[in-house]
S.K.: 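Sharing a structure here in structure tokens format.
Because only heavy atoms are used, hydrogens play no part in the values below, and waters and symmetry mates are left out as well, while side chains stay in. Convention: sequence-line order gives letters A, B, ...; per-chain numbering from 1. Bear in mind the structure is a predicted one, so any value in this text is a computation, not a measurement.
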Amino acid sequence: MSVRVLLFATYADLVGTGSVELPAPPASTVADVLAHLRGALPGAAGIPERPLVAVNQMHARLDTPIRDGDELALLPPMAGG
Amino acid sequence: MSVRVLLFATYADLVGTGSVELPAPPASTVADVLAHLRGALPGAAGIPERPLVAVNQMHARLDTPIRDGDELALLPPMAGG
Amino acid sequence: MPSYLTRAPIDPTALVAAVSGAELGGVATFLGVVRNHQDGQPVLRLEYSAYEAMAEAESARIVAEAVERWPVRVALRHRLGELAIGEVAVAIAVGSAHRAPAFEACRYVIEEVKRRVPIWKKEFFADGSVRWVDPTAGREATRPVAPIGREV
Amino acid sequence: MPSYLTRAPIDPTALVAAVSGAELGGVATFLGVVRNHQDGQPVLRLEYSAYEAMAEAESARIVAEAVERWPVRVALRHRLGELAIGEVAVAIAVGSAHRAPAFEACRYVIEEVKRRVPIWKKEFFADGSVRWVDPTAGREATRPVAPIGREV
């Protein structure tokens with residue numbers, strides 16, 4: 001299956017892109033996709049071990065399961081307001 | 001000595017005036033002046049037993065002493081805001 | 001000394017500007033607006049009156065207390081005279097570098113204004129009746145506002 | 001669905017009007033304003049960016065939570081793009097028949113916006129340097145925002 005990973009702010013700067021499409025085996029979690037990302041893109045090594053994440057535009061956790069076509073976002077510390 | 005008594009809102013309506021000058025013996029308190037007012041002006045009977053009071057534009061108490069020339073105000077329940 | 005009472009419509013934007021500054025990050029405000037009903041009865045308009053000299057002095061004391069207690073700037077304005085439904089009766093703006101003190105000081109000022117500033121409100125109802133508002137009605141008898149004595 | 005994000009200057013008066021009503025007596029607002037300094041360094045301007053689809057959705061969820069928890073009307077707007085010192089970055093207006101819920105809901109919304117809405121801020125300093133703001137810097141590592149799972 002396939003997952004779209006979105007990167008923002010410092011994370012996008014680190015990786016050099018704001019969006020990447022990654023393949024993922026069935027029964028993957030957010031943590032699995034994140035590990036895959038670190039392997040695929042060297043800049044991703046600078047992302048913290050346990051970043052804030054969102055799946056399909058809702059806050060999620062590292063053990064949240066991922067389904068085909070999901071949108072996974074890695075969120076640097078938020079600074080709105 | 002002499003005290004100026006100010007009345008507002010419902011109390012002014014009850015007494016029929018917003019201001020009255022009253023004589024007061026030395027060592028009078030707010031309560032003494034209030035008792036004198038009730039005797040002097042029939043409408044003052046409608047003022048509660050223990051109204052809110054101010055002396056010289058500061059919140060005061062019934063046992064606050066009164067001095068010559070003081071301005072004593074009887075304050076109905078406040079409704080600002 | 002600024003005047004805390006006004007007979008002209010209150011412009012909340014001007015109060016916000018008065019407490020804003022390049023070094024301040026947050027502004028909390030409270031606006032008290034004339035409602036169209038009271039205890040279920042339709043209100044047409046209101047008339048606010050005050051013991052003006054004391055209302056100014058007590059407002060100044062409340063603002064001074066807030067500024068002493070929190071790192072804030074405070075603007076306060078209360079309207080007097082006749083007000084229509086929807087008009088602003090009281091406006092408070094509090095600017096601070098941080099939001100917590102801005103909220104706390106703003107809340108403090110409106111609570112103390114309601115409790116301590118000698119202002120009264122006459123309601124004109126749709127049926128032609130008129131009534132002085134008594135916020136303590138239904139509660140126990142009026143109690144002293146604060147045990148503030150004076151030097152003797 | 002209203003948009004909670006805007007690239008145009010925010011007009012707080014319009015937000016207040018949106019939550020006012022003839023039956024409501026109080027409006028609490030909070031304005032977040034761009035400060036001219038950060039950790040002692042002079043800031044020239046800011047640039048806000050967002051994960052826009054999620055920022056809209058999360059803002060809607062926060063407003064829905066406030067409206068469910070308190071008897072209030074809520075308006076919320078967050079600015080994106082480049083902002084000058086003194087400009088309003090976020091504005092919240094909460095109307096209610098009573099002031100306590102207006103204050104509480106207003107505070108709730110700003111706290112949750114800061115905690116949960118994916119918006120980032122780039123600071124441009126007077127010395128030419130640029131920095132992404134990290135409000136968690138100096139604290140322990142980032143923690144999950146909320147233990148929100150999803151149905152599986």
S.K.: Quick one: which of Gly32(D), Pro118(D), Ser49(D), Ala91(D) has the most heavy-atom pairs under 4.5 Å with chain A, could you say?
M.R.: Pro118(D)
S.K.: Counting only non-hydrogen atoms closer than 4.5 Å, does Asp13(A) touch chain D with its backbone (N, CA, C, O), its side chain (CB onward), both, or neither?
M.R.: side chain
S.K.: Which region of Ala53(D), side chain (C-beta onward) or backbone (N, CA, C, O), has a non-hydrogen atom less than 4.5 Å from a non-hydrogen atom of chain A, or is it both or neither?
M.R.: both
S.K.: In Å and rounded to the nearest 0.5 Å, what is the CD to CE distance from Glu58(D) to Met58(A)?
M.R.: 7.0 Å
S.K.: Return the OG1 to NZ distance between Thr10(A) and Lys122(D), rounded to the nearest 0.5 Å.
M.R.: 10.0 Å
S.K.: So does Pro76(A) get a backbone contact from the side chain of Trp120(D), meaning a donor-acceptor N/O pair under 3.5 Å?
M.R.: yes
S.K.: With a 4.5 angstrom heavy-atom cut-off, could you sort out which part of Tyr48(D) is near chain A: side chain, backbone, both or neither?
M.R.: side chain
S.K.: Check each atom of Ala55(D) against the heavy atoms of chain A and say whether the ones under 4.5 Å are side chain, backbone, both or neither.
M.R.: neither
S.K.: To the nearest 0.5 Å, what is the distance between CZ (Phe8(A)) and CH2 (Trp132(D))?
M.R.: 10.5 Å
S.K.: Using modelled atom types only, decide if a donor and an acceptor are shared between the side chain of His59(A) and the backbone of Arg116(D) within a distance under 3.5 Å.
M.R.: yes
S.K.: Heavy-atom distances under 4.5 Å only: say whether Arg79(D) touches chain A with side chain, backbone, both or neither.
M.R.: neither
S.K.: Is it the backbone or the side chain of Leu62(A) that comes under 4.5 Å from a heavy atom of chain D, or both, or neither?
M.R.: neither
S.K.: Need one label for Val133(D): side chain, backbone, both or neither, based on atoms under 4.5 Å from any heavy atom in chain A.
M.R.: both
S.K.: Rounded to the nearest 0.5 Å, what separation is found between the CG atom of Leu75(A) and the CE atom of Met54(D)?
M.R.: 5.5 Å
S.K.: If you look at every heavy atom in Gly81(A) and Ile110(D), which pair is closest and at what distance?
M.R.: CA-CD1, 4.5 Å
S.K.: Using a 6.0 Å cut-off, check whether atom CD of Glu49(A) has over 12 heavy atoms from anything other than its own residue.
M.R.: no
S.K.: Taking atom CE of Met78(A) and atom NZ of Lys114(D), what is their separation to the nearest 0.5 Å?
M.R.: 12.0 Å
